[in-house]
Amino acid sequence: MQCDELDIVVVGAGHAGCEAALSCARMGLSVRLYTLNADTVGLMPCNPSIGGLGKGHLVREIDALGGQMGQAADASCIQYKRLGTSKGPAVQGSRMQCDRFEYSLVMKAVVEAEPNLTLRQEMITGLIVHHGTCKGVRERCGLEVYCKAVILATGTFLNGKIHVGEVSYGAGRAGEFPSIELAAQIRALGLPMGCFKTGTPPRVKGSSLHLDMMEEDPGDEFLRPFSLRTHAIRRPVRSCFKTYTSVHTHEIVRRNLSRSPLYSGTIKGTPARYCPSLEDKIARFPQRERHLVVAEPEGLRTNEMYVKGLGNSLPSELQAELVQSVPGLEHAEIIRPAYAIEYEFIHPTGLLHTLETRAIHRLYLAGQINGTSGYEEAAAQGLWAGINAALAVKGLPPFLLDRSEAYMAVMVDDLVSRGVQEPYRMFTSRSEYRLLLREDNAALRLLKKGNELGLIPKYLVDELESKEMLLQRNLQLLETVRIKPSPEVNSLVQNKGGKEILQTLSGKKFLKRPEITVNDLIALEVIGGDLSSEERNLLEIMVKYEGYIERQRREASRAEKMEHALIPDDLDFQCVPGLSREMKDRLMAARPRSLGHMSRIPGVTPAALTAVMVGLRNRRGLEQQKSTRPQW
């Protein structure tokens, strides 16, 4: 049996799948989104939050390119925090505590309302591949669905296996079937596969906790939206509550390490180093007397709380004792036990920068199937893969960004060029241009690109251009206006801990002083008060960090030349003089698209880079000779 051909099929309706399906549909293509359970579209299976350091940057970039995650987070927000405020603007990030049930309902409603998109609850058991091209998918019932491109966003479902103590069973996550047949076919197709491990902490009944014994964290007073399309967030808020593990907690874990599948040898998959289980934290850091535990509300209409910091894979009967050993949790009732999950992924070095597989044409991968962790990383890949799949179907050039343009470009390049040895997580430190890639300028960087793709409405671009003109007018004003020493000015400076000024300064130089803010200039009537708080912050950063920003722009410009030095697809590295046999094999396997890409492949030396540059120069010389040779 077969159905009429679609443009795009997306397998998996998590954060990656939703963004992929929505972007393709909004670009005018017919899309079918498959899920094992239509009630879990956009589900938050682990922590009930969106954003964080590095991750918040991704959410704003997704929004600036027309993705949905930021709007869904705003619509379900129950707490907002600005992280890293004691540091510079490049490493500050937004984090939202969300009502996880409402987030899923909001995302499902958007998916269902999209005109070109249909949602279908069914298991996909195989891909239809003809002559190296993916032509469609096969449903469990036997129906063959043909399409022009397939995007796999299967999360932890490929051969997923849950572990709780000595008990193990197949599952994509708690209560859902794993994808066994699809995983077997992918392996048979020759795609390079690996195995990772992740996990989730227990959920407890909030009313059974002694919250008065814990430190309350109400979040920030102002709820700053993630999305440009959200004017304000007016929703009830909820506090989180902090406590710490005790000596008794550590004793329980040490005494029972042999019963943890992580330490008994049952689990073979590589765990996430940046999100370790409690067993790992206690075994690897024996000098630490306590570890942070945070009780986070799961939503407004549930008493369930997520106990961050107590993720483990110990037997169920031990988990109650473990949880109740933490101050404030002495009478905690566990609703859902913690568990670990092993799953298979595909090594991302087998992908092109479009997230299309090298081995199979028109097959794209997004999310945890590429060896990443986190909702935000998955959503960014889903958007990226969806855009590129849609452009390929339309016969248009791919959508690719440089590392200096977006964190999502940094992530994709890291995955494709360097691969993964553990679940990949986004950090601001992964970018060499992080002062250019701040949260506050995501719209300035990407909004117009989203409009060109047809994913961002024109009115948002018009608003952005008005903001840019306003900022430029104020920058020019600060260049020309003069601040003279006066009692009023020096009183302001000295009250803020600065040294009095003794000579006339430009407004720009005055603002560069660490203690002076844009609000001070408005108070002195140097500039007008028509700037929003966001625009004031942006203007201040542009002035105070001007030198550093310009230096990074120069560095990015130099690197761009390497990115534009393309390596022909048919270049045979085996014939390039000066390369070792190991280096030739490595480059033949990686097939770098440019000298910049090649420079980031692990193990590539400066000498190898020079050899390829010389080889390309010689090749171009020979081609020029051929083109100018007389034709008889």
Asker: Can you check salt bridge (Lys or Arg N to Asp or Glu O under 4.0 Å) on E342 and K161, steps first, answer last?
Answerer: CA-CA 5 Å; E342 274 186 299; K161 182 182 286 188; 5.7 Å; no
Asker: Going by atom types only, do N312 and E279 share a side-chain donor-acceptor pair under 3.5 Å?
Answerer: no
Asker: List the atom of A385, the atom of Y364, and the distance in Å for their closest heavy-atom pair.
Answerer: O-CD2, 4.2 Å
Asker: Could you check whether K448 pairs with E452 (Lys NZ or Arg NE/NH1/NH2 to Asp/Glu carboxylate O, under 4.0 Å)?
Answerer: no
Asker: Is any side-chain heavy atom of F196 closer than 4.5 Å to one of V420?
Answerer: yes
Asker: If we ignore angles and hydrogens, is there a donor and acceptor under 3.5 Å between the side chains of E405 and Y433?
Answerer: no
Asker: Would you sort out whether S313 and H163 count as a side chain to side chain donor-acceptor pair (under 3.5 Å), showing the intermediate values?
Answerer: CA-CA 6 Å; S313 55; H163 301 273; over 6 Å; no
Asker: Test E298 against R238 for salt bridge (Lys or Arg N to Asp or Glu O under 4.0 Å), laying out the working first.
Answerer: CA-CA 10 Å; E298 293 263 278; R238 294 290 182 269; over 6 Å; no
Asker: I need the N451 CG to L455 CG distance, nearest 0.5 Å.
Answerer: 9.5 Å
Asker: Less than 3.5 Å apart, any donor N or O on the side chain of R235 or S76 sitting next to an acceptor on the other?
Answerer: no
Asker: Which atom pair, heavy atoms only, marks the closest approach of A25 to N116?
Answerer: O-ND2, 2.9 Å
Asker: With heavy-atom distances below 4.5 Å as the criterion, would you say the side chains of I186 and I346 are in contact?
Answerer: yes
Asker: I'd like to know if R82 and E439 make a salt bridge, using a cut-off of under 4.0 Å between side-chain N and carboxylate O.
Answerer: yes
Asker: If we only count heavy atoms from C-beta on, is the T133 to H130 side-chain gap below 4.5 Å?
Answerer: no
Asker: For L127, does its backbone N or O pair with a side-chain atom of Q185 as donor and acceptor, under 3.5 Å?
Answerer: yes
Asker: Checking Y339 side chain against A174 main chain: does a donor-acceptor pair fall under 3.5 Å?
Answerer: yes
Asker: Assess the residue pair R60 and S94 against the criterion (side chain to side chain donor-acceptor pair (under 3.5 Å)); give the C-alpha distance rounded to whole Å, side-chain angles, the decisive distance to 0.1 Å, and a yes or no.
Answerer: CA-CA 9 Å; R60 294 200 189 279; S94 299; 3.0 Å; yes
Asker: Please find the pair of heavy atoms, one from L83 and one from G52, that lie closest to each other, and give the distance.
Answerer: CD1-CA, 3.9 Å
Asker: Between D413 and R600, is there a side-chain N and carboxylate O pair less than 4.0 Å apart?
Answerer: yes
Asker: Determine whether a donor-acceptor pair (N or O, by modelled atom type, separation under 3.5 Å) exists between the side chain of S594 and the backbone of H597.
Answerer: yes
Asker: Is any side-chain N of the basic residue among E377 and K55 closer than 4.0 Å to the acidic one's carboxylate O?
Answerer: yes
Asker: Nearest 0.5 Å please: distance from the CZ atom of R203 over to the OG1 atom of T302.
Answerer: 11.0 Å
Asker: Hey, are Y424 and E422 close enough side-chain-wise for a donor-acceptor pair under 3.5 Å?
Answerer: no
Asker: Would you indicate whether the side-chain heavy atoms of I124 and R138 approach each other to under 4.5 Å?
Answerer: no
Asker: Which heavy atom of S431 sits nearest to which heavy atom of L437, and what is that distance?
Answerer: OG-CD1, 3.4 Å
Asker: Please round to the nearest 0.5 Å and tell me the distance separating atom NZ of K135 and atom CD1 of I360.
Answerer: 12.5 Å
Asker: With a cut-off of 6.0 Å (strictly less than), are more than 12 heavy atoms of other residues, nucleotides or ligands near CZ of F101?
Answerer: yes
Asker: May I ask you to check whether F399 and H353 place their ring centres under 6.0 Å from each other?
Answerer: no
Asker: Of the options V9, L33, V31, which is the one that meets C24 in a side-chain contact (heavy atoms from CB on, under 4.5 Å)?
Answerer: V31
Asker: So how far is it from K148 NZ to D7 CG, rounded to the nearest 0.5 Å?
Answerer: 4.5 Å
Asker: Looking at E344, is its backbone amide N or carbonyl O close enough to the side chain of N159 to form a donor-acceptor pair, meaning the two atoms are under 3.5 Å apart?
Answerer: no
Asker: Do R229 and D63 meet the salt-bridge criterion of a basic N to acidic O distance under 4.0 Å?
Answerer: yes
Asker: For the atom pair CD (E376) and CD (Q381), what is the distance rounded to the nearest 0.5 Å?
Answerer: 11.5 Å
Asker: Check whether R434 reaches the backbone of A90 with its side chain - one donor and one acceptor, N or O, closer than 3.5 Å.
Answerer: no
Asker: Calculate, to the nearest 0.5 Å, the distance between atoms CG and CD1 belonging to L396 and I387 respectively.
Answerer: 12.5 Å
Asker: Among L189, L351, L152, find the residue that satisfies the side-chain contact (heavy atoms from CB on, under 4.5 Å) test when tested with L363.
Answerer: L152
Asker: Between E304 and R336, is a side-chain contact (heavy atoms from CB on, under 4.5 Å) present by the stated rule, with each step listed?
Answerer: CA-CA 9 Å; E304 203 169 342; R336 310 182 202 216; 2.5 Å; yes
Asker: Side chain of R586, backbone of P602: donor and acceptor closer than 3.5 Å?
Answerer: yes
Asker: Applying salt bridge (Lys or Arg N to Asp or Glu O under 4.0 Å) to E181 and R140, what does each step give before you reach the verdict?
Answerer: CA-CA 10 Å; E181 293 167 285; R140 177 170 48 187; over 6 Å; no
Asker: Test R95 against S49 for side chain to side chain donor-acceptor pair (under 3.5 Å), laying out the working first.
Answerer: CA-CA 7 Å; R95 181 180 186 270; S49 68; 3.2 Å; yes
Asker: For T354 and N388, does a side-chain donor sit closer than 3.5 Å to a side-chain acceptor?
Answerer: no
Asker: Would Y274 and F427 count as a ring-ring contact (aromatic ring centres under 6.0 Å, His included) here? Give the steps.
Answerer: CA-CA 10 Å; Y274 302 109; F427 298 104; 4.6 Å; yes
Asker: Got D414 and R430 here, is their nearest side-chain heavy-atom distance under 4.5 Å?
Answerer: yes
Asker: Verify side-chain contact (heavy atoms from CB on, under 4.5 Å) between L401 and L446, making sure each step is shown before the conclusion.
Answerer: CA-CA 10 Å; L401 298 172; L446 300 172; 3.9 Å; yes
Asker: Does C46 offer a backbone N or O that forms a donor-acceptor pair with the side chain of Y375 under 3.5 Å?
Answerer: yes
Asker: Please tell me if the side chains of V393 and R362 come closer than 4.5 Å, counting only heavy atoms from C-beta onward.
Answerer: yes
Asker: Q79 versus C240: any side-chain heavy-atom pair under 4.5 Å?
Answerer: yes
Asker: Check whether D402 reaches the backbone of S404 with its side chain - one donor and one acceptor, N or O, closer than 3.5 Å.
Answerer: no
Asker: Any sub-3.5 Å donor-acceptor pair from S277's side-chain atoms to D280's backbone N or O?
Answerer: yes
Asker: Looking at side-chain heavy atoms only, is the closest gap between R418 and I601 below 4.5 Å?
Answerer: no
Asker: Assess the residue pair E296 and Q97 against the criterion (side chain to side chain donor-acceptor pair (under 3.5 Å)); give the C-alpha distance rounded to whole Å, side-chain angles, the decisive distance to 0.1 Å, and a yes or no.
Answerer: CA-CA 8 Å; E296 302 178 339; Q97 199 73 22; 3.3 Å; yes
Asker: Mark yes or no for whether T156, through its side chain, and G172, through its backbone, hold a donor-acceptor pair below 3.5 Å.
Answerer: yes
Asker: Give me the atom names and distance for the closest heavy-atom approach of H57 to R438.
Answerer: CD2-C, 3.8 Å
Asker: Where is the tightest heavy-atom contact between P271 and P423, given as atom of each residue plus distance?
Answerer: O-CD, 3.6 Å
